[in-house]
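Have a look at the structure below, then the notes.
Every number for a ligand or one of its atoms is a count from 1 in the order of the listing. The model shown is predicted, which means the values in this text are computed figures rather than measured ones.
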Amino acid sequence: MSKYWSNFVASLDPYTPGEQPAINNLTKLNTNENPYGPSPKVLQAMEDAVNGDLRLYPPPNADQLKQTIADYYQLNTDQIFVGNGSDEVLAHVFNALFRQTQGILFPDISYSFYPVYCGLYAIQYSQVPLADDFSLDLDKYCRPNGGIIFPNPNAPTGRLLALDAIEKLLQSNRDSVVVVDEAYIDFADSGSSAVALVNQYDNLLVVQTMSKSRSLAGLRIGYAMGSAELIEGLERVKNSFNSYPLGHVQIAAGVAAFKDNQYFEETRQLVINSRVQLTQQLKAMGFEILPSAANFVFVRHCDFSAEDLAQSLRDKNIIVRHFNKPRINEFLRITVGSEEQNQLLIDSLSAIFEG
Ligand SMILES: *Cc1c(COP(=O)(O)O)cnc(C)c1O
């Protein structure tokens, strides 16, 4: 509290990011980072971009990156918006599209940044309960609203909603914007992305990030795809805030990441394979695991409290995420790591269980 803060600033309840401790030998399975580094071609493109041109402002619309993403998804460049991480893209989405007279809807168990943006932009919201199996119950979204947003696969559950269910929602919800936050979609089966529906539904916005499947969390690149009119709304807000959210080096890296499709496919498949293996191993140890289409698993154990397990793992230098929230406080969210990291996790859990 400071006397220099406005009442509004004092009322904010900011997001708490998963910690990034500066400890050596830490097995970090708490923030869904990719265990594999970025493509070597991305690193090379970044090195090449470190030159005297950095005295110049970057292209304000990151045209080359927009073109690359448009080509990749077979869209037009006026259907692409880019920003400094998808968190920034989402902030602009809430500001540009969700400040309506009616409140917005999102799941009760979901990305915990959504209520924070609502606080920042004074947006009313209702949290719609997930079904008992933690799947999204879309019938409950059939009511007047100022917008709908959900992650798919959902975070922190990892559960995927099928494309035909999303299309049904779009058909029954024509008058407000539906945002699908696809931070983890590349870890689901190909063909799961709502990008396929962008040309048919002008109220659909799909948000993705290069942080997870493209191993660039440290660089901050996110993007949104939707109708030209939604994108123009986002551009209006962005150009009222910061015209240059992406620098030369970021743009070069983003372009190179999309062009190295082979590396992307290989590392994506490694993570998916590890998820399948980790799921089997955890099941064999008595964990209940929600079906995951993401690069993390959401698990609980009937004999051990999640909070205690998180602490015992931390004592062994492994960090996982525990949310002290209703309905999910018995769960741990564990990022799929490299094969060695996953094995270390399993070995450490065995040691903890043997006491
Ligand atoms: C990680 C994540 C984001 C944010 O990604 P950045 O691009 O790194 O800002 C957005 N939404 C969900 C659901 C996420 O898990």
Side-chain angles (χ1 to χ4, degrees), residues 14-20 28-35 38 42 62 65 69 80-95 98 104 106-118 120 127 130 134 136 148-161 166 178-188 192-195 205-225 234 238 242 245-247 250-251 253-254 257-258 268 271 275 290 292-298 320-321 323 325 328 331 333-336:
Y15 179 73
T16 318
E19 46 178 338
Q20 300 285 358
K28 216 180 150 293
L29 303 176
N30 66 326
T31 50
N32 301 339
E33 286 139 334
N34 197 308
V42 168
L65 180 57
I69 297 172
I80 313 288
F81 179 80
V82 296
N84 196 269
S86 64
D87 284 339
E88 185 189 80
V89 173
L90 288 168
H92 289 329
V93 167
F94 278 68
N95 200 357
F98 284 170
I104 68 163
F106 52 83
D108 62 337
I109 297 162
S110 181
Y111 190 33
S112 35
F113 225 133
Y114 301 156
V116 176
Y117 296 129
C118 287
L120 181 61
Q127 290 177 293
L130 293 182
F134 295 97
L136 236 74
I148 295 172
I149 183 167
F150 55 88
N152 196 43
N154 196 9
T157 66
R159 288 204 77 135
L160 182 77
L161 187 68
I166 295 176
V178 175
V179 179
V180 186
D181 179 354
E182 293 190 337
Y184 302 102
I185 197 69
D186 292 326
F187 302 110
S192 301
S193 172
V195 173
L205 191 78
V206 178
V207 178
Q208 294 189 356
T209 174
M210 305 194 63
S211 295
K212 276 82 182 224
S213 59
R214 293 180 193 273
S215 303
L216 289 171
L219 208 58
R220 317 304 303 130
I221 308 174
Y223 49 100
M225 298 169 282
L234 294 174
K238 170 246 176 191
N242 175 9
L246 296 186
Q250 273 168 303
I251 293 170
F258 270 102
R268 171 177 104 88
V271 172
R275 179 186 70 215
L290 298 189
S292 171
N295 67 337
F296 57 84
V297 288
F298 203 50
V320 300
R321 191 96 191 248
F323 297 90
K325 287 189 186 168
I328 55 168
F331 281 86
R333 192 194 68 190
I334 306 175
T335 303
V336 176

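- No side-chain donor from either of Tyr15 and Asp87 sits under 3.5 Å from a side-chain acceptor of the other.
- Sorted by first then second residue, the salt bridge (Lys or Arg N to Asp or Glu O under 4.0 Å) pairs that include residues 209-218, not counting sequence neighbours, number zero.
- The two atoms that bring Ala217 and Glu33 nearest to each other are CB-CG, 4.4 Å, heavy atoms only.
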Anything under 3.5 Å between an N or O on ligand 1 and a protein N or O? List each pair with its distance, or write none.
unit_1	atom_1	unit_2	atom_2	d
ligand 1	5 (O)	Ser86	OG	3.0
ligand 1	7 (O)	Ser86	N	2.6
ligand 1	7 (O)	Ser86	OG	2.9
ligand 1	7 (O)	Thr209	OG1	2.6
ligand 1	7 (O)	Ser211	OG	3.3
ligand 1	8 (O)	Ser211	OG	2.6
ligand 1	8 (O)	Arg220	NH1	2.8
ligand 1	8 (O)	Arg220	NH2	3.3
ligand 1	9 (O)	Ser86	N	3.3
ligand 1	9 (O)	Asp87	N	2.9
ligand 1	9 (O)	Asp87	OD2	3.2
ligand 1	9 (O)	Arg220	NH2	2.7
ligand 1	11 (N)	Asp181	OD1	3.3
ligand 1	11 (N)	Asp181	OD2	2.8
ligand 1	15 (O)	Tyr184	OH	2.6
ligand 1	15 (O)	Lys212	NZ	3.0

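- When each of Leu219, Ile221, Val42 is checked for a side chain to side chain contact (heavy atoms under 4.5 Å, CB included) with Met210, only Ile221 meets the rule.
- Listed by chain and residue number, nothing satisfies the side chain to side chain donor-acceptor pair (under 3.5 Å) test with Arg321 (two or more places apart in sequence, or in another chain).
- Legend: residues meeting side chain to side chain donor-acceptor pair (under 3.5 Å) with Ser213, ordered by chain and number and at least two apart, are Asp186.
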